[in-house]
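Only one structure is covered here, and it is reproduced in the block below.
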Amino acid sequence: MIANPISPTIPLDAQGVHHGFLKLPYSRDDSAWGAVMIPITVIANGDGPTALLTGANHGDEYEGPIALQELAVSLTPDQIAGRVIILPMMNLPAFAAGARCSPIDGGNMNRSFPGRPDGTVTQKISHFIATQLVPQADIVLDFHSGGRTLDFLPFAAAHILDDKAQEAACMAAMQAFNAPFSVRMLEIDNVGMFDTEVENQGKVFVTTELGGAGTASPRTVGIARRGIRNLLIHAGIMAGQIDLQETVQLDMPDELCFVISQVAGLIEYLVEMGDTVAEDQPIARVWPANRTGAEPTVCCARRAGILTARHVPGLVKMGDFVGLVATRA
Ligand SMILES: [Zn+2]
């Protein structure tokens with residue numbers, strides 16, 4: 001078996017607080033013997049479960065990196081029993097470029113699992129995380145948001161799984177995270193996702209979509225911060241009371257939740273995110289971007305529900321995602 005070339009600069013199993021890097025040798029024009037340095041913090045105290053907390057799986061999603069950076073400088077060993085492994089920018093090359101995918105190899109990390117030890121940079125990072133970090137974890141939280149081309153109602157999500165005991169454990173962890181919306185999600189295209197890899201290893205997994213539009217807000221970062229604390233308490237790693245606020249339960253039962261644009265142009269939304277829509281109700285219309293005197297093309301909801309995500313910014317291409325209509329559970 002080929003060994004993964006990544007080496008941590010800190011011990012992953014030592015007590016106390018260690019800040020360092022996952023060092024991946026990457027020889028290139030501007031640095032012959034250079035390396036990609038992925039920041040990692042490990043905080044450990046005695047016996048207890050291990051949580052793996054990850055951000056910037058996609059490099060243009062910011063609530064995770066912000067909340068995890070704050071956690072890495074503020075969490076102390078005496079606050080925990082067990083271990084917290086923090087990777088605020090797991091796809092560092094993409095994060096550094098402010099892009100969804102890695103500029104080095106075009107890799108979408110969330111389609112690159114379980115990765116390859118002899119693959120591209122993105123595949124090597126994915127492989128290290130899948131084979132060296134996930135097996136050590138009892139619970140995994142992976143932060144996402146909409147990035148530069150999507151915006152979401154802030155939700156935590158867990159997947160519908162074949163193993164119903166595992167599904168129940170994931171749903172309980174999602175409820176503990178306690179975002180304003182909680183989504184029971186059927187993943188239509190799950191091959192290569194970090195989610196799928198973690199779930200296949202039998203772990204408890206929670207993901208989020210906390211906002212988007214290529215930035216983060218005080219509200220969405222606050223949801224991330226409170227969710228981390230709640231999840232660590234739920235996992236038995238932190239002491240304290242889970243801070244439970246009202247959450248709306250949503251389902252994404254099938255592909256009819258998704259609305260795609262069949263034309264390119266200037267998009268005008270007709271409803272706000274969070275609005276209730278009926279089946280066949282127009283949710284947006286797309287005006288021509290290159291002529292006057294032509295009617296817009298209407299994009300309709302394919303099922304009744306709540307507009308849970310939308311496209312940003314103002315122009316759409318043919319085939320772009322327009323809306324996610326989730327149903328009240
Ligand atoms: Zn993402």
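Note that the numbering runs from 1 along the sequence shown for the chain. Note that this is a predicted model, so its numbers are computed, not measured. When a ligand or atom number is given, it counts from 1 through the structure's own listing order.
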What protein N/O/S atoms sit under 2.8 Å from the Zn ion (ligand 1), by chain and number? His58 ND1, Glu61 OE1, Glu61 OE2, His144 ND1
Using a strict cut-off of less than 4.0 Å between a Lys/Arg side-chain nitrogen and an Asp/Glu carboxylate oxygen, indicate whether Arg225 and Glu63 qualify as a salt bridge. no
Looking at Ala35 and Lys23, what are the two nearest heavy atoms and their distance? CB-CG, 3.7 Å
Please lay out, stage by stage, how Ser261 and Asp320 fare under the test side-chain hydrogen bond (donor to acceptor under 3.5 Å, both in side chains). CA-CA 5 Å; Ser261 181; Asp320 276 356; over 6 Å; no
Specify the closest pair of heavy atoms between Ile267 and Pro313, including all atoms of both residues, with the distance to one decimal. CG2-O, 4.2 Å
Is it true that Arg184 and Asp251 make a salt bridge, defined as a side-chain N closer than 4.0 Å to a carboxylate O? yes
Classify the ring geometry of His159 against Phe205: parallel below 30°, tilted from 30° to 60°, perpendicular beyond 60°. parallel
